[in-house]
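Values below: all heavy atoms of this structure, side chains included; hydrogens, waters and symmetry mates excluded. Sequential numbering from 1 along the given sequence is applied to the chain's residues. If you're wondering where the values come from, they're calculated on a predicted model, not measured in any experiment.
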Amino acid sequence: QVHVVESGGGSVQAGGSRNLSCVASGRDFSTYVMGWFRRAPGKEREFVAVISQRGTPYYADSVQGRFTFSRDNAKNTVYLQMTSLKPEDSAVYYCAADVSGGTFYSGQYYRKENDYDFWGQGTQVTVSS
C-alpha cells in the first residue's frame, strides 16, 4: 500500500500562483510515475500533468506553459507550480502514483485514471476573478 498525500491548496486571485506538493510513501519512489489530475465542479476528473521516473514532465494543453511539474526523489515528493492561474483552473487537484516500475515510453501515456495505482484525497484550489 502506498499512501499519497497532497498539500498546498487554497484560494488565489486570477493571475496569481500556487504551489502544490505531494508526498508518496514507499522505498521505491524513484521508480514511480507520478501524475496530477483535477476535477472541477460538475466535470469529470481530467489529466493535468505527468512526470517520468527521470523527471521529465508532460502537460495537458490547458496548462502547458503555466504549470511546472517537478520531483525530488530524495524527499519522495513531487511539486506542481501553478502560475498565471485562471478561474477555470479552480478544482480539486489529485496526485496519483503508478508504482509498477515499468518503462516510461512516452508522455502520451499515463493520461488516464486507470494508469495509476494509488491516489491522494485531493486538495482544493480556488481561483477568483
Side-chain angles (χ1 to χ4, degrees):
Q1 184 76 13
V2 172
H3 296 284
V4 179
V5 181
E6 308 96 336
S7 62
S11 297
V12 60
Q13 290 194 330
S17 301
R18 197 80 189 179
N19 296 328
L20 305 182
S21 299
C22 169
V23 179
S25 65
R27 296 181 178 180
D28 299 321
F29 178 80
S30 63
T31 69
Y32 301 171
V33 174
M34 300 296 294
W36 284 99
F37 287 71
R38 66 186 182 186
R39 177 181 283 145
K43 296 186 177 181
E44 294 185 352
R45 189 153 56 182
E46 65 175 3
F47 168 79
V48 173
V50 60
I51 193 164
S52 71
Q53 296 99 327
R54 294 187 176 185
T56 303
Y58 300 86
Y59 304 95
D61 290 345
S62 59
V63 305
Q64 179 76 48
R66 300 188 297 120
F67 289 13
T68 301
F69 194 5
S70 61
R71 67 188 298 157
D72 184 340
N73 289 340
K75 296 182 179 180
N76 277 36
T77 302
V78 295
Y79 305 95
L80 187 68
Q81 297 175 284
M82 306 184 293
T83 64
S84 301
L85 283 163
K86 307 174 183 179
E88 51 264 44
D89 292 318
S90 295
V92 177
Y93 282 73
Y94 298 90
C95 182
D98 164 41
V99 303
S100 65
T103 301
F104 187 97
Y105 290 106
S106 169
Q108 293 303 311
Y109 302 113
Y110 299 99
R111 298 187 177 222
K112 298 180 291 184
E113 292 183 49
N114 60 9
D115 290 326
Y116 297 86
D117 306 303
F118 298 98
W119 292 79
Q121 292 299 306
T123 186
Q124 176 73 48
V125 175
T126 302
V127 184
S128 58
S129 57

Value rounded to 0.5 Å, distance of CE in M34 from CG in D98: 9.5 Å
Quick one: name the residues clustered hydrophobically with F37, using the 4.5 Å side-chain heavy-atom rule over I, L, V, M, F, W, Y, and just say none if it's on its own. V33, F47, V50, Y58, V92, Y94, F104, Y105, Y109, Y110, Y116, W119
So if you build clusters from Ile, Leu, Val, Met, Phe, Trp, Tyr with side-chain heavy-atom gaps below 4.5 Å, do F29 and Y79 land together? no
If every non-hydrogen atom of Y59 is compared with every non-hydrogen atom of T68, which pair is closest and at what distance? OH-CA, 3.3 Å
Are more than 12 heavy atoms from other residues, nucleotides or ligands located less than 6.0 Å from atom CG of D61? no
I'd like to know if the side chain of Q121 and the backbone of E6 have a donor-acceptor N/O pair within less than 3.5 Å. no
Per the side-chain hydrogen bond (donor to acceptor under 3.5 Å, both in side chains) rule, what does the pair list look like for residues 40-52, sequence neighbours excluded? R38-E46, R45-E113
As a quick check of understanding, evaluate side-chain contact (heavy atoms from CB on, under 4.5 Å) for T123 and L20, giving each step before the final call. CA-CA 8 Å; T123 186; L20 305 182; 4.0 Å; yes
Give me the atom names and distance for the closest heavy-atom approach of Q1 to S25. O-OG, 4.1 Å
Nearest 0.5 Å, what's the SG-CG distance between C22 and N76? 10.0 Å
So which heavy atom on G55 is nearest to which on P57, and how close? O-CD, 3.3 Å
Nearest heavy-atom contact between T77 and S21 is CG2-CB, 4.4 Å
Say you draw a straight line from CG of L85 to OG of S128; how long is it, rounded to the nearest 0.5 Å? 10.5 Å
If I take atom CG from residue D72 and atom OG from residue S70, how far apart are they, to the nearest 0.5 angstrom? 8.0 Å
Tell me every residue that passes side chain to side chain donor-acceptor pair (under 3.5 Å) with R66, counting only those two or more places apart in sequence or in another chain. D89
Test side-chain contact (heavy atoms from CB on, under 4.5 Å) on Y32 and V2; report intermediate values, then the result. CA-CA 11 Å; Y32 301 171; V2 172; 3.7 Å; yes
Spacing of CZ belonging to F69 relative to OG1 belonging to T56, to within rounding of 0.5 Å: 11.5 Å
Smallest separation among heavy atoms of S129 and A14, with atom names: CA-CB, 4.2 Å
Does atom CD of E88 have more than 12 heavy-atom neighbours from other groups under 6.0 Å away? yes
Grab the two heavy atoms, one from G9 and one from V125, that are nearest each other, plus how far apart they are. CA-CG2, 4.1 Å
